[in-house]
Amino acid sequence: MLEHLWFPHDISTFGPQIDWLFILIFWITVVVWALVMIAMVTFMVRYRHRPGRKAEYIEGNPRLEIFWTTATAVILIALALMSKSTWAEIKEHGPPGQVFYQVAGKQFNWEITYPGPDGKFGPKAVTVENEMHVPINQVVRIELTSKDVIHSFFVPNLRLKQDAVPGRTIHVWFQAREPGSYAIPCAELCGFGHSGMQGTLTVESEADFQKWLKDQYANQQ
Amino acid sequence: MIGRQFLFVALFMMSIGGLMAMLMRLDLAWPDTQFSFLSILPQSLQNDSAITANTYNAEFTMHATIMIFFVIMPILVGCFGNFLIPLMLGARDMAFPKLNMLSFWVSAGAGVLMMASFWVPGGPAAAGWTSYAPLSAVPIYTGVDWGQNLWCMSLIVLGVGSLMGAINYITTVINMRTKGMTFFRMPLVIWSLFITAILLLLALPVLTTALALLLFDRMGGTHFFLPPGGGEPLLWQHLFWFFGHPEVYIMILPGMGIASELIATFSRKPIFGYRAMAYAMASIAFLSWVVWGHHMFQSGMDPALGTGFMLTTMVIGVPSAIKTFNWLGTLYKGDIHYTAAMLNALSFVAMFVIGGLSGIFMACTPVDMYIHDTYFIVAHIHYVLFGGSLFAVFGAIAYWFPKMFGRMMNETLGKVHFWITFVAFNCTFFPMHILGMGGHMRRIYNPTQYDFLKPLEPINMFISISAFVLGAAQLLLLANIIWSLVRGEKASENPWHANTLEWSAPSPPRHGNWPGPVPVVYRGPYEYSSPESAEDYLPQWQPAEPATAAAD
Ligand SMILES: [Cu+2]
Ligand SMILES: [Cu+2]
């Protein structure tokens with residue numbers, strides 16, 4: 001059970017950066033928390049009430065005040081600046097896509113549309129419910145939308161989450177590094193079927209992927 | 001007295017909100033299981049003696065709605081705002097006593113509307129307390145019709161009631177301070193309530209407007225939030241969180257004020273950095289208007305905007321840190337008395353530190369991408385609102401009960417309640433961080449539907465059992481209140497040897513608060529262990545010693 005007390009296994013290219021930021025914040029907060037608690041418990045024990053002793057009359061200390069204000073401000077703003085580029089890479093820029101999909105959330109399934117053999121989302125495109133197959137190590141680009149309410153496309157193993165909003169098309173990208181199959185739960189409350197709404201992401205070799213896609217085209221006819 | 005009425009109604013609502021939480025925990029540990037005792041509940045809360053997908057959605061929606069709008073806000077603002085503001089400022093009553101009464105009855109009406117929704121066909125609202133459109137805007141999406149309409153109407157009415165209260169608090173603080181009570185001689189709890197009232201005045205109309213638009217979409221055929229008619233779902237989120245983030249501070253600032261009073265009194269020491277504490281609260285209030293986007297990092301809002309909100313959110317952490325360090329500074333070289341009130345106040349600080357620190361993870365946009373909408377968030381908000389606001393409420397009840405009702409609360413029972421609550425609280429909410437890291441989504445009624453969550457189910461069971469202990473422990477609080485109301489030891493005027501003006505009035509204060517003339521203020525509120533006095537306290541209303549006065 002112990003191996004489940006941390007993140008699920010990471011298979012994306014940007015996952016390590018996210019985990020790194022998490023661990024950085026984790027250690028900063030653990031150290032700050034420990035220092036605060038050590039100070040608090042020490043004071044609580046040392047300065048507990050004992051008869052005949054009076055508290056010391058201290059109204060404050062502007063120098064200390066300036067010190068801890070600047071220290072927290074510097075740490076927090078530095079964290080924001082360090083996170084900025086990772087965020088921009090994941091949500092704003094990202095590498096050019098190699099495979100393209102359209103994904104739509106609807107109560108309570110993911111509809112995944114693959115371009116037809118002509119590479120276009122035309123009449124030959126195929127739509128499959130909840131099954132997303134991608135070739136390994138290729139940049140996948142998705143146009144994400146919703147047909148009814150807001151859903152959220154969440155792949156824990158990719159560290160990826162993006163709300164699917166009706167009336168909008170939102171671009172999402174990822175690149176999976178390890179073969180296997182992974183859950184795509186819906187992370188935004190979307191009605192009574194929200195619990196249990198999930199698809200499967202299958203990461204496989206280029207050959208397996210092409211074979212699977214061909215089967216889909218064949219089924220379509 | 002209106003303060004007491006708010007307290008009793010809110011405690012009643014707390015038992016309903018708590019019951020919702022117990023039902024959710026029951027389901028999360030044993031999903032889709034029939035329990036015969038559930039059959040006594042209304043149809044909207046159980047389905048054939050089991051909790052199912054749609055009743056679960058109604059339960060978490062109503063749990064949050066009730067706890068936020070009908071428990072924490074009425075106790076902190078309605079009860080303690082009404083009770084403390086006139087007494088601590090040396091006023092005979094609030095500036096507008098009739099408006100005050102109206103505010104209570106309007107809020108009570110809102111409570112009745114909300115409660116009624118448990119019995120309408122389709123059950124109560126089930127779109128989450130955040131009621132994101134379009135889910136909340138079209139009845140067929142949730143299957144809830146009148147429940148959601150009543151939810152909107154109730155909160156609109158409550159908004160009007162709270163607005164009346166806010167105007168009253170602001171006017172009273174500005175106009176009704178007694179002679180000598182300058183702004184910088186006000187106790188910090190009054191500062192916190194004053195700042196909270198300003199936030200209420202500015203934030204609630206935004207919610208009221210959003211709710212009205214939602215109601216138009218539901219009942220009037222408009223399309224403010226519905227894309228097919230040119231509407232914009234994200235408009236709801238912007239409006240909701242523009243209200244919602246200041247709302248978070250509406251619920252925590254009074255807690256900070258209460259903790260400051262209790263920690264200074266029971267450390268027998270002046271609050272460390274009084275002015276810094278007041279300025280920190282003012283800056284939190286100001287910054288709370290520019291951080292709402294941190295709830296929307298993954299919503300489809302422009303990612304560049306997300307970066308801006310990440311920066312403002314990190315900055316709002318600074319004044320919160322200042323407050324924590326100043327509470328520690330107050331303990332330093334104090335003479336700490338461990339009353340039940342003080343234990344709750346210290347726990348407020350310790351839990352608020354955890355809630356504050358876990359907020360940094362969410363503020364960091366890439367990390368938020370993973371933990372957003374998981375139990376990590378649920379853990380965070382409960383560390384802030386339960387570990388924070390509710391421990392402050394428990395402390396405040398223990399501390400001001402003698403003044404409100406003229407009788408002391410039972411200390412032993414109070415301490416037993418505190419320790420069980422403290423341990424059970426941490427066993428309930430700390431493991432939720434781990435669930436969140438494992439990818440456990442919020443608002444799912446059956447985690448066993450997901451293969452990747454199955455290994456985490458033992459944690460869910462542990463949390464549920466802790467939650468039942470936590471819920472049961474609150475019966476001790478109710479028992480203590482009832483027992484002390486009837487049998488408690490009679491309270492003197494100033495049982496804690498405190499400095500602020502409410503302790504110069506009779507316990508409980510009669511109409512007009514002071515039988516004689518209103519007290520005059522000679523000094524700041526935290527002159528504990530002052531070298532000027534032989535005692536370890538020097539009340540605000542006590543004139544300077546004649547000898548010192550002559551020397552001046
Ligand atoms: Cu969904
Ligand atoms: Cu917020």
Side-chain angles (χ1 to χ4, degrees), chain A residues 1 4-8 18 21-22 25 29 32-33 36 39-40 43-44 47-49 53-60 65 68-69 72-73 76-77 79-80 83-84 86-87 90-92 148-150 152 156 159 161-163 165-168 170 183 185 187-192 195-196 198, chain B residues 53-54 57 128 132 134-135 141-143 227 233 267-270 272-273 276 298-300 303 307 310-311 314 317-318 321-322 325 328 331-337 353 357 360-361 364-367 369-370 372-373 434 437-439 441 443-446 449-450 452 455-456 529-531 536:
Chain A
M1 198 192 127
H4 297 289
L5 298 184
W6 200 247
F7 296 125
I18 293 176
L21 280 169
F22 185 97
I25 299 175
T29 51
V32 171
W33 177 80
V36 168
M40 190 166 167
F43 295 167
M44 281 171 65
Y47 305 118
R48 68 185 181 278
H49 170 67
R53 202 178 56 95
K54 209 172 163 182
E56 207 161 301
Y57 182 79
I58 308 168
E59 284 186 287
E65 216 79 61
W68 55 52
T69 308
T72 28
L76 289 173
I77 291 172
L79 269 178
S83 316
K84 204 174 146 262
T86 306
W87 176 247
I90 301 169
K91 294 261 171 161
E92 281 181 81
D148 38 45
V149 302
I150 298 175
S152 192
R159 308 286 186 268
K161 187 180 289 121
Q162 175 60 57
D163 285 4
V165 183
R168 284 187 177 225
I170 299 166
E188 184 70 77
L189 175 68
C190 56
F192 58 85
S195 187
Q198 62 180 324
Chain B
N54 32 356
N57 289 359
Y132 277 10
L135 182 65
Y141 288 151
T142 50
S267 301
R268 315 307 291 162
K269 253 194 80 194
F272 195 89
Q298 320 308 332
S299 69
T307 305
M310 162 165 65
L311 204 63
M314 292 288 187
V318 176
I322 296 176
F325 293 132
L328 291 184
L331 295 175
Y332 176 68
K333 294 202 167 170
D335 175 31
I336 306 171
H337 293 246
V353 169
L357 290 173
I360 301 175
F361 292 85
C364 170
T365 45
V367 174
M369 182 161 79
Y370 180 69
H372 181 70
D373 272 326
I434 298 166
M437 285 175 64
M441 293 78 66
R443 296 171 167 178
I444 54 170
Y445 90 107
N446 187 350
Q449 289 169 315
Y450 302 86
F452 75 104
L456 297 173
S529 303
S530 156
D536 66 355

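Model, not experiment: these values are computed from the prediction. Chain letters run A, B, ... following the sequence lines, proteins first, then strands; residues in each count from 1. Keep in mind that the numbers below use all heavy atoms, side chains included, and drop hydrogens, waters and symmetry copies.
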For the CH2 atom on A:Trp33, are there more than 12 heavy atoms of other groups (residues, nucleotides or ligands in this structure) within a distance under 6.0 Å? no
Determine whether B:Gln298 and A:Ser152 make a side-chain contact, defined as any pair of heavy atoms from C-beta on separated by less than 4.5 Å. no
Just wondering, are more than 12 heavy atoms of other shown residues or ligands nearer than 6.0 Å to NZ in A:Lys54? yes
Mind ranking B:Leu311, B:Thr365, B:Ile434 by heavy-atom pairs under 4.5 Å with chain A and telling me who comes out on top? B:Thr365
Can a donor-acceptor pair be found, under 3.5 Å and without considering hydrogens, that links the side chain of A:Ser195 to the backbone of B:Asn446? yes
Are any non-hydrogen side-chain atoms of B:Phe325 and A:Glu65 less than 4.5 angstrom apart? no
Okay, B:Phe452 and chain A: the region with an atom under 4.5 Å from a heavy atom over there is side chain
Is there a side-chain contact between B:Tyr132 and A:Leu189 in this structure, where contact means two heavy atoms from C-beta onward sitting under 4.5 Å apart? no
Below 4.5 Å from any heavy atom of chain B, which atoms of A:Arg48 appear? Answer side chain, backbone, both or neither. both
Would you give the length of the straight line joining atom CD1 of A:Ile58 to atom NZ of B:Lys333, rounded to the nearest 0.5 angstrom? 6.0 Å
What are the two closest heavy atoms between B:Leu331 and A:Met44, and how far apart are they? CD1-CG, 4.5 Å
Using heavy-atom distances under 4.5 Å, tell me whether A:Ile18 contacts chain B through its side chain, its backbone, both, or neither. both
Report which part of B:Met441 has an atom under 4.5 Å of a heavy atom belonging to chain A: side chain, backbone, both, or neither. side chain
Can you tell me which portion of A:Gln162 sits under 4.5 Å from chain B's heavy atoms? Options are side chain, backbone, both or neither. both
B:Asn57, B:Val353, B:Asp536: which one forms the most heavy-atom pairs within less than 4.5 Å of chain A? B:Asn57
For a quick test of reading the model, state the closest non-hydrogen atom pair linking A:Pro166 to B:Pro227 and the distance between them. O-CG, 3.4 Å
Which answer fits A:Ile25, side chain, backbone, both or neither, if we ask what part of it has an atom under 4.5 Å from a heavy atom of chain B? both
Give the ring-plane orientation class for B:Tyr332 versus A:Tyr47, where under 30° counts as parallel, over 60° as perpendicular and anything between as tilted. perpendicular
Identify which part of B:Tyr450 has an atom lying under 4.5 Å from any heavy atom of chain A, answering side chain, backbone, both or neither. both
In terms of heavy-atom pairs under 4.5 Å with chain A, the winner among B:Thr142, B:Thr307, B:Leu135, B:Val318 is B:Leu135
May I ask you to decide if B:Gln449's main-chain N or O and A:Gln198's side chain share a donor-acceptor pair within less than 3.5 Å? yes
Could you go through the ring-ring contact (aromatic ring centres under 6.0 Å, His included) check for B:Tyr370 and A:Phe22 one step at a time? CA-CA 10 Å; B:Tyr370 180 69; A:Phe22 185 97; 7.9 Å; no
Where does B:Leu328 contact chain A at under 4.5 Å (heavy atoms): side chain, backbone, both or neither? both
Looking at every heavy atom in both B:Met314 and A:Ala80, which two are closest together, and how far apart are they? CG-CB, 3.8 Å
Side chain, backbone, both or neither: which part of A:Ala183 has a heavy atom under 4.5 Å from chain B? side chain
In terms of heavy-atom proximity below 4.5 Å to chain A, should B:Pro303 be classed as side chain, backbone, both, or neither? both
Against chain A, work out which of B:Ser530, B:Ser267, B:Gly143, B:Gly128 has the most heavy-atom pairs shorter than 4.5 Å and name it. B:Ser530
Using non-hydrogen atoms and a 4.5 Å limit, figure out which bit of B:Val367 sits close to chain A: side chain, backbone, both or neither. both
Any idea which of A:Gly167, A:Ala187, A:Ala39 has the most non-hydrogen atom pairs under 4.5 angstrom with chain B? A:Ala187
Of all the heavy-atom pairs spanning B:Lys269 and A:Glu56, show the shortest one and how long it is. CG-O, 3.3 Å
Structural part of B:Asn54 lying under 4.5 Å from a heavy atom of chain A: both
Side chain, backbone, both or neither of A:Val36 within contact of chain B (heavy atoms, under 4.5 Å): both
Do B:Pro134 and A:Ile150 come within less than 4.5 Å of each other through their side chains, counting heavy atoms only? yes
Contact winner vs chain A - B:Ala53, B:Gly273, B:Gly334, heavy-atom pairs under 4.5 Å: B:Gly334
Over all heavy atoms of both residues, which pair between B:Ser299 and A:Val165 is shortest? Give the atoms and the distance, please. O-CG2, 3.3 Å
